[in-house]
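Each chain gets a letter, A, B and so on, in the order its sequence line appears, and its residues count up from 1.
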Number of protein chains: 2
Amino acid sequence: MDQRTRILFENRARVMKALAHPSRLFIVNELASKERCVHELARLIGADISTVSKHLSVLKAAGIVQDEKRGSQVYYNLRVPCVLKFMDCVEAVLKTSAEKVLALQQGTAK
Amino acid sequence: MDQRTRILFENRARVMKALAHPSRLFIVNELASKERCVHELARLIGADISTVSKHLSVLKAAGIVQDEKRGSQVYYNLRVPCVLKFMDCVEAVLKTSAEKVLALQQGTAK
DNA sequence: AAAATATTTGGCAATATAGGCAAATAGCCA
DNA sequence: TGGCTATTTGCCTATATTGCCAAATATTTT
């Protein structure tokens with residue numbers, strides 16, 4: 001793997017890594033329907049506001065969300081909505097995994 | 001976030017996490033064109049074979065790849081090819097991020 | 001059986017991530 | 001100004017991930 005290829009995949013991994021956390025996936029999902037400010041998301045998730053703020057900064061640094069300060073609140077929204085499409089495939093992975101586990105349990109796996 | 005929702009996003013995050021590493025993304029990319037055995041991937045990546053073997057077991061545990069032992073070699077291939085579609089969106093994220101950085105540098109950001 | 005090849009697993013040190021609390025910062029309003 | 005709300009940041013501890021080496025396991029070959 002040459003230098004250029006390595007950097008390419010490191011950059012891609014950075015984006016994937018930003019999405020690889022349950023709270024951050026939840027946030028992305030929430031922002032799909034409408035923008036939200038930090039304390040709304042914190043309430044929905046049930047975590048400390050500072051924790052959620054940090055999750056948002058991870059998503060922002062990765063270029064997935066953008067923020068806009070209005071008054072004393074900061075509203076976040078999706079900058080690249082295509083990330084929502086990941087979910088269908090992820091569900092497909094989970095579904096076929098579940099099927100495989102089931103097949104193994106039932107001894108019907110090839 | 002209720003119990004069921006939490007588990008849903010934890011499962012999704014598990015799959016995303018398996019993809020959130022440069023070597024593992026590279027592997028997925030390689031397997032897109034054809035199956036590979038461990039030492040081939042290790043050579044392409046330039047890492048220790050044991051390291052690559054562990055990456056493969058992470059992908060396998062997530063349900064993304066499957067393995068098939070033939071002789072003394074273990075061939076891996078993609079079990080859920082739709083993960084390849086992630087890359088287009090990830091590139092879109094990287095591209096718009098790059099544009100934003102450029103705009104900021106040039107002072108043309110809104 | 002011994003040697004050679006392919007892969008996995010255990011152990012370990014280095015590094016990264018997560019999450020909460022407390023403190024700092026910023027805007028709003030009386 | 002002072003108090004109140006919203007958000008971010010620093011700090012710290014706990015936990016997870018990574019990658020290599022060495023050892024174990026499996027298969028093929030001589």
Rounded to the Å, how far apart are [X] [atom1] and [N] [atom2]?
X: Asp67(B); N: dT8(C); atom1: CG; atom2: P; answer: 7 Å
X: Glu40(A); N: dA6(D); atom1: CD; atom2: C1'; answer: 12 Å
X: His39(B); N: dA4(C); atom1: NE2; atom2: P; answer: 18 Å
X: Ile45(A); N: dG20(C); atom1: CD1; atom2: C1'; answer: 15 Å
X: Ile27(A); N: dT7(D); atom1: CD1; atom2: C1'; answer: 14 Å
X: Arg43(A); N: dT7(D); atom1: CZ; atom2: P; answer: 12 Å
X: Arg6(A); N: dG19(D); atom1: CZ; atom2: P; answer: 12 Å
X: Leu59(A); N: dT17(C); atom1: CG; atom2: C1'; answer: 14 Å

So does His55(B) get a side-chain nitrogen or oxygen closer than 4.0 Å to the phosphate oxygens (OP1/OP2) of dT18(D)?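 Looking at the OP1 and OP2 atoms of dT18(D), neither is under 4.0 Å from any side-chain N or O of His55(B).
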With a sphere of 6.0 Å drawn around CZ of Arg70(B), does it hold more than 12 non-hydrogen atoms of other residues, nucleotides or ligands?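 Above 12, so yes.
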How would you label the contact of Tyr76(A) with the nucleic acid (heavy atoms, under 4.0 Å): base, sugar-phosphate, or nothing?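 Sugar-phosphate: the residue Tyr76(A), judged by heavy atoms under 4.0 Å, touches backbone atoms but no base.
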Filtered N/O pairs between nucleotides 21-24 of chain C and protein, under 3.5 Å:
unit_1  : atom_1 : unit_2   : atom_2 : d
dC21(C) : N4     : Ser50(A) : OG     : 2.8

Quick one: does [X]'s side chain get under 4.5 Å of [Y]'s, heavy atoms only?
X: Gln73(A); Y: His39(A); answer: yes
X: Arg79(A); Y: Ser97(B); answer: yes
X: Asp67(B); Y: Leu56(B); answer: no

Can you get from Val38(B) to Met1(A) by hopping between Ile, Leu, Val, Met, Phe, Trp and Tyr side chains that sit under 4.5 Å apart?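 Same hydrophobic cluster.
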Connected via hydrophobic side-chain network under 4.5 Å: Val74(A) and Val58(A): no
Closest contact, heavy atoms only, Ala13(B) versus Ala20(A):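 Smallest heavy-atom distance, with atoms named: CB-C, 4.3 Å.
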Closest approach of Leu19(B) to Leu59(B) (non-hydrogen atoms, all atoms of both residues):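 Smallest interatomic distance, heavy atoms only, reads CD2-CD2, 4.3 Å.
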Would you mind writing out the side-chain donor-acceptor pairs for residues 82-96 of chain B within the sub-3.5 Å range, not counting sequence neighbours?
unit_1   : atom_1 : unit_2   : atom_2 : d
Glu91(B) : OE2    : Arg12(A) : NE     : 2.7
Glu91(B) : OE2    : Arg12(A) : NH2    : 3.2
Lys95(B) : NZ     : Glu99(B) : OE2    : 2.8
Thr96(B) : OG1    : Ala92(B) : O      : 3.2
Thr96(B) : OG1    : Val93(B) : O      : 3.1

Scan the side chains in residues 40-48 of chain B for donor-acceptor partners under 3.5 Å anywhere in the protein, sequence neighbours excluded, and list what turns up.
unit_1   : atom_1 : unit_2   : atom_2 : d
Glu40(B) : OE1    : Cys37(B) : N      : 3.0
Asp48(B) : OD1    : Ser50(B) : N      : 2.9
Asp48(B) : OD1    : Ser50(B) : OG     : 2.8

Nucleic acid contacts of residues 13-25 of chain A, taken as heavy-atom distances under 4.0 Å to DNA chain C: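 Residues of residues 13-25 of chain A that come under 4.0 Å of DNA chain C are, in numerical order, Lys17(A), His21(A), Arg24(A).
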In residues 23-33 of chain A, what donor-acceptor pairs under 3.5 Å come from side-chain atoms, sequence neighbours left out?
unit_1   : atom_1 : unit_2   : atom_2 : d
Arg24(A) : NE     : Ala18(A) : O      : 2.6
Arg24(A) : NH1    : His55(A) : ND1    : 3.0
Arg24(A) : NH2    : Lys17(A) : O      : 3.3
Glu30(A) : OE1    : Arg36(A) : NE     : 3.4
Glu30(A) : OE1    : Arg36(A) : NH2    : 3.0
Ser33(A) : OG     : Glu30(A) : O      : 3.0

Quick one: what's the B/S/- string for nucleotides 25-30 of chain D, heavy-atom cutoff under 4.0 Å, read 5' to 3'? -SSS--
